[in-house]
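Each remark here refers to the structure printed beneath this line.
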Amino acid sequence: MIEPGHFSGSPMQKHIALGILTKAHFDRWLALWHETVTQNVASPAAAERFHTSAHRIADSLLTGVLAQRGGLAALRIRAQKLAPLETKP
């Protein structure tokens, strides 16, 4: 968020390699992220940017993990049964 475009690494590969991640893990990360931002970011507009970005990142990583595990079939099941992570609580 602070220096866009400066991250180098392979977060998708690292998350896939764990082999155990589920939507519950990403939901927990988002809850912790929300709590941290709420406590440390004074500007509502900035806090909203942080939250939006975190939801986008979590959704992208979960999509990659599911696709790696079960291909398109896993993504179809997710689309049918689960609400997207980017949906605000």
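All values reported here derive from a predicted model rather than from experimental measurement. Residue indices begin at 1 and follow the sequence shown.
- Between Asp59 and the options Leu62, Leu61, Thr63, a side-chain contact (heavy atoms from CB on, under 4.5 Å) holds for only Thr63.
- Residue Arg28 holds its CZ atom at 14.0 Å from NZ of Lys23, rounded to the nearest 0.5 Å.
- Residue Trp29 comes nearest to Ala58 through the heavy atom pair CZ3-CB, 4.0 Å, listed as atom of the first residue, atom of the second, then distance.
- The closest side-chain heavy-atom distance from His34 to Leu30 is not below 4.5 Å.
- A pairwise comparison of heavy atoms in Ala46 and Val41 identifies CB-CG1, 3.8 Å as the closest pair.
- Side-chain atoms of Trp33 never come within 3.5 Å of backbone atoms of His55 as a donor-acceptor pair (strictly under, hydrogens ignored).
- In this structure, a donor-acceptor pair under 3.5 Å is absent between the side chains of Thr52 and Arg49.
- Residues passing the ring-ring contact (aromatic ring centres under 6.0 Å, His included) test with His25, sequence neighbours excluded: none.
- In plain terms, the two heavy atoms of Val65 and Leu21 that are nearest each other are CG1-O, 4.0 Å.
- Under a hydrophobic-cluster definition in which Ile, Leu, Val, Met, Phe, Trp and Tyr are linked whenever side-chain heavy atoms come within less than 4.5 Å, directly or via other members, Ile57 and Leu18 are assigned to the same cluster.
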